[in-house]
Each structure stands twice: as structure tokens, then as C-alpha cells.
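In what follows, every chain begins at residue 1, and chains take the letters A, B, ... in the order their sequences are listed.
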There are 2 protein chains.
Amino acid sequence: MLTGLEEKILQCITRYITQNGHAPTLVEIGQLLDIKSKGTVHRYVDSLIDKGHLQRSGRSWRGLRLTGEQSRRLLILPFAGRIAAGKPIEAIPEQLEINFSDMLLGEDRYVLEVKGDSMIDAGILDRDLVIVRETQTANNGDIVVALIDNGETTLKKLRKHGDRVELIPANQTMAPLIYPADRVHIQGVVVGQVRSY
Amino acid sequence: MLTGLEEKILQCITRYITQNGHAPTLVEIGQLLDIKSKGTVHRYVDSLIDKGHLQRSGRSWRGLRLTGEQSRRLLILPFAGRIAAGKPIEAIPEQLEINFSDMLLGEDRYVLEVKGDSMIDAGILDRDLVIVRETQTANNGDIVVALIDNGETTLKKLRKHGDRVELIPANQTMAPLIYPADRVHIQGVVVGQVRSY
DNA sequence: TACAAAGTTCTCCTTATGTTCTCTTTTTTA
DNA sequence: TAAAAAAGAGAACATAAGGAGAACTTTGTA
């Protein structure tokens, strides 16, 4: 179990290494985190080594290495920054980690696996998972799970026109479907999407 | 059987951990539930530990942990099945839940936010998050984080041709880039992708 | 080799947090 | 209605966490 500062120092080192390819010095860590004493930094680096999150390679300068050890108790990964074609990775100083629990999980949510290409232009591919929040109401533009005539189900973008609703696939080869509002029951809206390679 | 306050405190701690990635202090719990005395909070936390709903790691700050079912709930969502346009949702009896820890976490992984549309045809949109596994080697067809000339970075599909490598955008308006192999350094491969709406 | 830069080992300090009490009030239940 | 359980306040204390910096050793380099 890491303390607040241990956590911050580990994230700081992780990010520094992904950006620069080598570890920071103790003073550099201190500067990044606003700690004036390298003795203090050293103490925390030591405890991170004790706890198995870091390794020292010999006594050389910048000799810290990551062990890759990560807690599996929470859905948190280090955040390295933004990547745009043709530029260095841009670090976001305020955001050091991504908490997927916070982003994806919730009381009234469940997961569906998508079959088919009907939402491909919205970046939802065959076999992707989508996270759906259960609700009967949705807004224009939401991607919804809709039940039609109490039988078939579909995943489409929603547009309402008075007493009719339009269910719009995100695929240029498919046409939108228009139904009277009373034949379509919204079951939930898509709040997230996950793919693993 | 939990008393009313015990219930509230447990929920409060669970919510705090999902959102913040670490447990609250006694005073923070008090503030969230409008209890002024940390001694009182402490007493209820103690009884939650006695009843097996919480664990304490020594006397450390923020040292509370959830046990068993509670802690699993921070990693999973119920899995409802497959959705395909025009059919009922097909339930998969063997799979009742999705464990995001198994799907997303692993050694040497970090997260990048994607800027731009260069991978749009691969279902990776502007502002999506990708999970990258650090490695120097990659296979044909992998989506890689590549460092070019030790300066700029880019996210592209990889194809190797002997002593040259081709970096292929997934966007019909962009052309593939071909470089001598020694100018391109693979930093990692994309193993996952996440979007939240 | 001499010097600068970095790491190591200390000591001393402050503050935030957890722990242990006692006493009181409110709610539930027999 | 009396007793028990639950909820609450707060003081006093112990200790983990965070912080500064001096003095020293080791490593890298001009």
C-alpha cells in the first residue's frame, strides 16, 4: 500500500521514463513535485524499492528502473499524455493516472458485446464491448439500446421527431429506420466503449 | 447485519475508493456524512472491520481496504450478452460478467490520449484513450507507438519490409510513411482502447 | 586528476491522521 | 416506560507521513 507521496513519485518517474527514455535524478523528481530536499526524495525512492515498485541498477546516476508491478485491486493505469501524429507525446501535468473504475463503472450499468458493423463510423466495431446505462429516456444524438415492437433489439444513434423516432446507423451502407414512438422502447444509452486487441 | 450508519459509512468508503483510487481518512468520511467527531467514525469503522466488511492495513493513513465481494465490485460489470441489429439480445450463459481488470490491466502498461483522426478507420477516434504495452518489438499489423528520429511520436499500424518499416494510418485521406528501420523506434503496442461518452 | 553532479546517510522538525477515552443525546425495542 | 442500542461530540495522546538540509561518498567528465 503506497502513501500519497510514494504514489506521486512513482507516477512522476513512470512518466519521466516514458517521455525521456531514462530515469530522472533525485533533484529532478524534487523539482517536478516541488520537494526541496533530495534527501526526502531519496527516502521515498528507497521505500518504493522496498515495496517492489522500483529497482536500482547498480549505483549509476539515473539508475532507477520500473518493475512493472501494478495493483490489480483498482482499475488504474499511469497516464503518459497525449499523442498526435508527428509530435512528441504531450504530458498533462495535472493528470498522472487514469481511473477506469471511475470512468466506466456504475450502479445501473451493464455490458453488451456488439455484433456487426452498423456503428462502425462511430468507432464501434464488430466484437467491441459497450457499456450501457439503464434508462428509459435519451437525448438526440445518444447511442441507444432500443427495443422495437417488444422483440428485436438494436444499437443506433437516436433522433426524435415529435411522435416518431429515427434510429440512425453509423454506417454509410445502411439506411436510418423511422418508427412511431410507441413502437420503440429505449432500454439504455451507451456511456462507454472498450476494445482489447 | 449492519446498522443504518454502518451501511452509509461502507457505501461512502466504497464510493470514495472508486473515485479516488485510495481510501478516505476518518475526517473525510465524517465530512461526507456530516459527522463531526472522528472518534465516532472510528468506532463505526471498527465495527465494520469486526463484521468483516473492511480490513485495516496497520495504522497507516488511508489504510482501509474493502474485502471480498465488495472489492470485486470495483472491477466488474454484469454482462448482458451480444447485441446485433434486428435481433433480441443473445445471452451468453457462460459469461455473466466482464472483469475489466483482466481485460485492461497488465505489466508495463500505460495510457495515452489520442489526438487527431489518423486511426479513425481502426475505430480509434479523436480523444479516445489507448492502453499501450511497453515493448521494443512488434508484429506486422500491430498498432504501435513509434518514435521517429528520436523526436516525433506517432500512432500507426506497423508493417515491416526487410530494412524498412511502413507506418500506416487508418485513414483513407492519409498516406503511409516508409522509413529506414533504424530511424524508427517502437515504444509500445496498443493492447486496448477505451472511450467514454 | 580535479571538479561538478548525483546519490547516501544522517538529524531535526511539523503536521495530518489514527487511537482511545469519557460523556451525552437520540432512537429502538422488550 | 425502562433498558438497550445506536449515534454523536470532543479531548488527549501516539505515530505515520511529509519536509528541510548538512555532511559525506560515489560517479561521471573536462
*Asks:* Treating primed atoms plus P, OP1 and OP2 as sugar-phosphate and everything else as base, which nucleotides of nucleotides 14-30 of chain C get B, S or - for protein heavy atoms under 4.0 Å?
*Replies:* --BBBBB----------
*Asks:* What is the distance, to the nearest angstrom, from the CD atom on B:Glu7 to the C1' atom on D:dA7?
*Replies:*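 Between C1' of D:dA7 and CD of B:Glu7: 16 Å.
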*Asks:* I want to confirm an ordering. Mapping A:Ser37 and B:Thr3 to their closest nucleotides on DNA chain D, which one lands closer to the 5' end?
*Replies:*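 Closest to the 5' end, via its nearest nucleotide, is B:Thr3.
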*Asks:* If I take atom CD in residue B:Glu6 and atom C1' in nucleotide D:dG8, what distance separates them, rounded to the nearest angstrom?
*Replies:*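 That distance rounds to 15 Å.
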*Asks:* Establish, from distance only, whether the side-chain atoms of A:Glu6 and A:Ser47 form a donor-acceptor pair under 3.5 Å.
*Replies:*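 Yes, side-chain donor-acceptor contact under 3.5 Å.
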*Asks:* Is B:Asp108 salt-bridged to B:Arg133, going by a charged N under 4.0 Å from an acidic O?
*Replies:*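 Salt bridge absent between B:Asp108 and B:Arg133.
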*Asks:* When you get a sec, tell me which of D:dA9, D:dG8, D:dG21 is the closest nucleotide to the side chain of B:Leu5?
*Replies:*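 Between D:dA9, D:dG8, D:dG21, the one nearest the side chain of B:Leu5 would be D:dG8.
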*Asks:* Between atom CD1 in B:Ile35 and atom P in D:dA9, what is the gap in whole Å?
*Replies:*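 Rounded to the whole Å, the gap is 8 Å.
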*Asks:* Check whether any side-chain nitrogen or oxygen of B:Tyr44 sits under 4.0 Å from OP1 or OP2 of D:dA6, and answer yes or no.
*Replies:*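 Answer is no, no contact under 4.0 Å.
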*Asks:* Check the pair B:Ser196 / A:Val191 against side chain to side chain contact (heavy atoms under 4.5 Å, CB included), numbers first and verdict last.
*Replies:* CA-CA 6 Å; B:Ser196 76; A:Val191 296; over 6 Å; no
*Asks:* Do the side chains of A:Lys51 and A:Glu69 get close enough for a salt bridge, i.e. N-O under 4.0 angstrom?
*Replies:*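 Salt bridge absent between A:Lys51 and A:Glu69.
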*Asks:* Pick one: which of A:Leu155, A:Thr153, A:Leu147 meets side chain to side chain contact (heavy atoms under 4.5 Å, CB included) with B:Ile89?
*Replies:*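 The single option meeting the side chain to side chain contact (heavy atoms under 4.5 Å, CB included) with B:Ile89 is A:Thr153.
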*Asks:* Please state whether the phosphate of D:dA20, meaning OP1 or OP2, lies under 4.0 angstrom from any side-chain nitrogen or oxygen of A:Lys36.
*Replies:*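 Checking A:Lys36 against D:dA20: at least one side-chain N or O falls below 4.0 Å of OP1 or OP2.
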*Asks:* What does the inter-axis angle of the helix from C:dT1-D:dA30 to C:dA30-D:dT1 come out as, five pairs per end, nearest 10 degrees?
*Replies:*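 Result, rounded to 10 degrees: 40°.
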*Asks:* Filter on ring-ring contact (aromatic ring centres under 6.0 Å, His included), then keep only pairs touching residues 1-31 of chain A, sequence neighbours left out; what's left?
*Replies:*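 As it turns out, the ring-ring contact (aromatic ring centres under 6.0 Å, His included) pairs with a partner in residues 1-31 of chain A, which skip direct neighbours, are A:Tyr16-A:His22.
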*Asks:* Just how far, in rounded Å, is C1' of C:dT8 from CD1 of A:Ile29?
*Replies:*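 It is 14 Å, rounded to the nearest whole Å.
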*Asks:* Roughly, in whole Å, what's the span from CG in B:Leu2 to P in D:dA6?
*Replies:*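 Roughly 11 Å, once rounded to whole Å.
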*Asks:* Any Lys/Arg nitrogen of A:Lys160 or A:Asp142 sitting under 4.0 Å from an Asp/Glu carboxylate oxygen of the other?
*Replies:*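 Looking at A:Lys160 and A:Asp142, the cut-off is not met.
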*Asks:* With B:Val165, which of B:Ile178, B:Val144, B:Val184 fulfils side chain to side chain contact (heavy atoms under 4.5 Å, CB included)?
*Replies:*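 Option passing the side chain to side chain contact (heavy atoms under 4.5 Å, CB included) with B:Val165: B:Val184.
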*Asks:* Is it true that A:Glu7 and B:Arg62 make a salt bridge, defined as a side-chain N closer than 4.0 Å to a carboxylate O?
*Replies:*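 The answer is no: the pair does not qualify as a salt bridge.
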